[in-house]
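First the proteins, then the strands, lettered A, B, ... as listed; each starts at 1.
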There are 2 protein chains.
Amino acid sequence: MPAHAAASKQSVRARAEHGNSLRKAFYEIRELIVHGRLSPGSWIVEADLARHLAMSRTPVRSALHWLQREGYVIEHKNARKSRMVVAPVTKEDAGELYSIIGHVEGLAGRHTAVLPKSRRLEIVGLLKGFNSQLRTIITARDSRAAGIFDLDRNFHRTIIESGAGPRLLALHKSIEPQAERYWRLYASSIINDLHLSVAEHDEIIAAIVAGDPDRVERGLQMNWENGCHRLARVIEIFGERGSW
Amino acid sequence: MPAHAAASKQSVRARAEHGNSLRKAFYEIRELIVHGRLSPGSWIVEADLARHLAMSRTPVRSALHWLQREGYVIEHKNARKSRMVVAPVTKEDAGELYSIIGHVEGLAGRHTAVLPKSRRLEIVGLLKGFNSQLRTIITARDSRAAGIFDLDRNFHRTIIESGAGPRLLALHKSIEPQAERYWRLYASSIINDLHLSVAEHDEIIAAIVAGDPDRVERGLQMNWENGCHRLARVIEIFGERGSW
DNA sequence: ACTATACCCATTGTCTACAATCCTGGATAC
DNA sequence: GTATCCAGGATTGTAGACAATGGGTATAGT
C-alpha cells in the first residue's frame with residue numbers, strides 16, 4: 001500500500017499534534033502568566049496568543065476559559081462581551097489564595113495523618129529528603145529560586161497526593177500553581193526567610209509521625225499563613241504589580 | 001441605508017442570542033446533570049447535546065470543559081481522545097465532596113464570625129428567617145423538596161457571601177451546586193432528617209452571634225459532615241446510581 | 001478649541017467544514 | 001465455530017470563516 005505509506009508519512013506530524021493543542025495551550029499560557037511574561041492586569045487578545053502558540057483560536061479560547069475558571073484570568077464583562085485580563089496581583093488576593101491553599105492542604109493532611117504507620121514513615125522519608133535538600137541550599141547560600149520552589153512544592157505535593165481523594169487532589173492541582181506566581185514575582189526576597197519555612201516543615205513532619213490530624217492540619221495552615229505574611233511584607237516594599 | 005435596515009431585522013434575533021450560548025450551554029447542561037436527566041455514568045456526545053440545545057458544538061464543547069473542570073463530568077482518556085461521561089455518584093465521592101464544601105464554608109464562616117456586630121446581627125436575621133421557614137415546612141409535613149433545598153442553600157450562601165472574598169466565593173459557587181445532585185437523587189429520604197440539620201443551623205447562628213470563628217467553622221463543618229452521614233445511609237439503602 | 005456624531009477597525013462569539021481517531025460489525029480464512 | 005482483519009460509520013479535535021459588538025478616531029458643527 002504505497003498510498004497508505006505516503007499518507008502515514010504526513011500523518012506522523014499530524015498524529016503527534018492532533019488532540020494536544022488544548023492542553024498545550026492551557027499549560028503554555030499558564031506558564032506565561034505564572035512566569036510573569038504576561039504581565040498582571042494586561043489585556044489578553046486571543047488571536048495574538050494563537051499566533052504565538054502557532055495554533056488556531058479555538059483551543060486557545062478554551063484554554064483561556066479554563067484559566068478563567070481557575071483564577072489566572074479574570075473577565076471584564078461589558079454587557080455580553082467579555083474582555084479577559086491577566087489576574088492582577090494584590091496583597092488581598094495573595095492572602096485569600098494562601099489561606100485557601102492552607103485549608104485545602106490541611107484537609108488533605110488530616111487524611112495523611114491517619115494512614116497506616118508504615119505508609120506514613122515512607123512518606124516522612126521523602127519529606128525529610130526534600131527538607132534536607134532545602135537546608136543544603138540555605139547553608140550554601142545558593143539562591144537558585146527554581147530548585148527551591150520545586151523542592152517546596154514537592155514537599156507539599158507529597159503530603160497532598162498521599163491523603164487527598166480525586167476531587168481534593170484536582171482542587172489542589174488547580175489552585176496551588178497560582179502560588180507559584182507570587183513566588184516567582186517576589187522570589188528573590190522570599191528566599192531570605194526560607195529557613196523559617198523549613199522549620200515549619202519539620203513541625204509538619206513531626207505531626208505526621210505522631211499521626212495527629214489536628215496537628216498536621218494546623219502545621220500546614222500555619223506554613224501557608226506565615227508564608228503569606230512573609231510575602232505581604234515583600235509586596236509592601238516592592239509594590240503590587242509585577243513591575244517591569 | 002435600506003441594506004442596513006434589512007440586516008437589522010435579521011439581527012434582532014441574532015443580537016439577542018449572540019454571546020450567550022456558552023453560558024446557556026453551561027447552565028443547561030449542569031441543570032440536566034444535577035436533575036439527573038443525564039444519568040450518572042452515561043456517555044456524553046457533544047453533537048447530541050448541541051442538537052438538544054439548538055446550537056453548534058463549539059459552545060457546548062467549551063461548556064463541557066468547564067463542567068469537567070468542576071467535576072460534573074469526567075474524562076475517560078484513551079491516548080489523546082477524551083470521552084466525557086457524567087460523573088458517577090458514589091458514597092466516596094459524596095464524602096469527599098461534602099467534606100470539601102464543609103471546609104470551604106468553614107473558612108468563609110470564620111470571616112463572617114469576625115464582622116462588625118451590627119452586620120452580624122443583620123445576617124443572623126436572614127438566617128433565622130430561613131430556618132424558621134424550614135421549621136414550618138417540617139411541622140406541616142410539606143415535602144416540597146425544591147423549596148427545602150433552596151432554603152437550605154440560601155442559609156449557607158448567606159453566610160458565605162458575607163465572609164468570603166472573591167476567590168473563595170467563586171470556589172464555593174463552583175463546588176456547592178454539586179451537592180444539589182445528591183440532594184435531588186436522594187431527596188425524598190433526606191427530608192425525614194431535616195430537623196437535625198435545622199438544629200445544627202441554630203448552633204451555627206448562635207456561633208455567629210457569639211462572634212466565635214472556631215465555633216462557626218466547626219458548626220458548618222459538622223452540618224456538612226452529618227449531612228454526609230445521613231446521605232450515606234440513604235445511598236446504602238437505595239444503591240449508588242441515580243437509578244430510574 | 002471643544003463636543004457630538006458617524007464610521008471603521010479590532011476583537012469576540014459562533015458556526016461549519018475537515019482531519020484524525022476510535023469503535024463496531026461483518027467478511028474471510030483457518 | 002472462532003479468530004482476525006479490514007471497512008465504514010461515529011465522534012472528537014482543530015481550523016478558518018463569518019457575524020456582531022464596542023471602542024476609538026476623524027470629521028463637522030458650534
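- The line from CZ of A:Arg69 to CG of A:Leu64 is 14.0 Å long, rounded to the nearest 0.5 Å.
- Here C:dT12 is the nucleotide among C:dC15, D:dG13, C:dT12 with the atom lying nearest to any side-chain atom of A:Val45.
- The side chain of B:Ser21 places an N or O atom within less than 4.0 Å of a non-bridging phosphate oxygen (OP1 or OP2) of C:dT14.
- Per the geometry, CD belonging to B:Glu46 stands 11 Å off P belonging to D:dT14, to the nearest Å.
- Rounded to a whole Å, the CD1 atom of B:Ile44 is 13 Å from the C1' atom of D:dT12.
- No donor-acceptor contact under 3.5 Å links the side chain of A:Arg23 to the base of D:dG13.
- For the ring pair (Phe, Tyr, Trp, His ring centres under 6.0 Å) test with A:Phe149, the passing option among A:Phe130, A:Tyr182, A:Phe155, A:Trp183 is A:Trp183; the others fail.
- When rounded to the nearest whole Å, the span between CZ of B:Arg61 and C1' of C:dG13 equals 16 Å.
- Residue A:Pro59 places its side chain closer to D:dA15 than to any other of C:dT12, C:dC15, D:dA15.
- One interatomic measurement links the two molecules: NE2 of B:His65 to C1' of D:dG13, which rounds to 9 Å at whole-angstrom precision.
- Taking the centre and axis of the six-membered ring of B:Tyr98, the NZ or CZ atom of B:Arg181 falls outside the cone set by 45° and 6.0 Å.
- Ion pair B:Glu46/B:Arg61 flagged as a salt bridge, since at least one NZ, NE, NH1 or NH2 atom sits closer than 4.0 Å to an Asp/Glu carboxylate oxygen.
- For the side-chain hydrogen bond (donor to acceptor under 3.5 Å, both in side chains) with A:Ser82, the lone residue among A:Gln68, A:Glu75, A:His65, A:His76 that qualifies is A:Glu75.
- Spacing between atom CG of B:Leu53 and atom C1' of C:dT14 amounts to 14 Å, rounded to whole angstrom units.
- When the C1' atoms of four end pairs are superposed on the next four at each end of the helix from C:dA1-D:dT30 to C:dC30-D:dG1, using five pairs per end, the two resulting axes differ in direction by 10°, to 10°.
- When each of B:Ala47 and B:Thr58 is assigned the nucleotide of DNA chain D bearing its nearest heavy atom, the one mapping closer to the 5' terminus is B:Ala47.
- The minimum heavy-atom distance between A:Ala63 and A:Ala25, with the atom names listed, is CB-CB, 3.8 Å.
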* To do: For B:Trp224 and B:His103, run ring pair (Phe, Tyr, Trp, His ring centres under 6.0 Å): C-alpha distance rounded to whole Å, both residues' side-chain angles, the deciding distance at 0.1 Å, then the answer.
  => CA-CA 9 Å; B:Trp224 283 100; B:His103 280 253; over 10 Å; no

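- As a whole-Å value, the separation of B:Asp48 CG from D:dT11 P is 7 Å.
- For the pair A:Gln178 (side chain) and A:Glu70 (backbone), a donor-acceptor distance under 3.5 Å is present.
- With A:Ser174 contributing its side chain and A:Leu171 its backbone, the two residues share a donor-acceptor pair below 3.5 Å.
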Kindly give the atom pairs (protein nitrogen or oxygen, nucleotide nitrogen or oxygen) under 3.5 Å for nucleotides 8-10 of chain C.
none

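- Rounding to the nearest 0.5 Å places CG of B:Leu126 at 10.5 Å from CD1 of B:Ile159.
- Within the nucleic acid shown, B:Leu64 has no heavy atom closer than 4.0 Å to any nucleic acid atom.
- Going from atom CG of A:Leu49 over to atom C1' of C:dT12 covers 14 Å, rounded to whole Å.
- The phosphate of D:dT12 has neither OP1 nor OP2 within less than 4.0 Å of any side-chain N or O from B:Ser82.
- Atoms CG (A:Leu22) and P (C:dA20) sit 18 Å apart, rounded to a whole Å.
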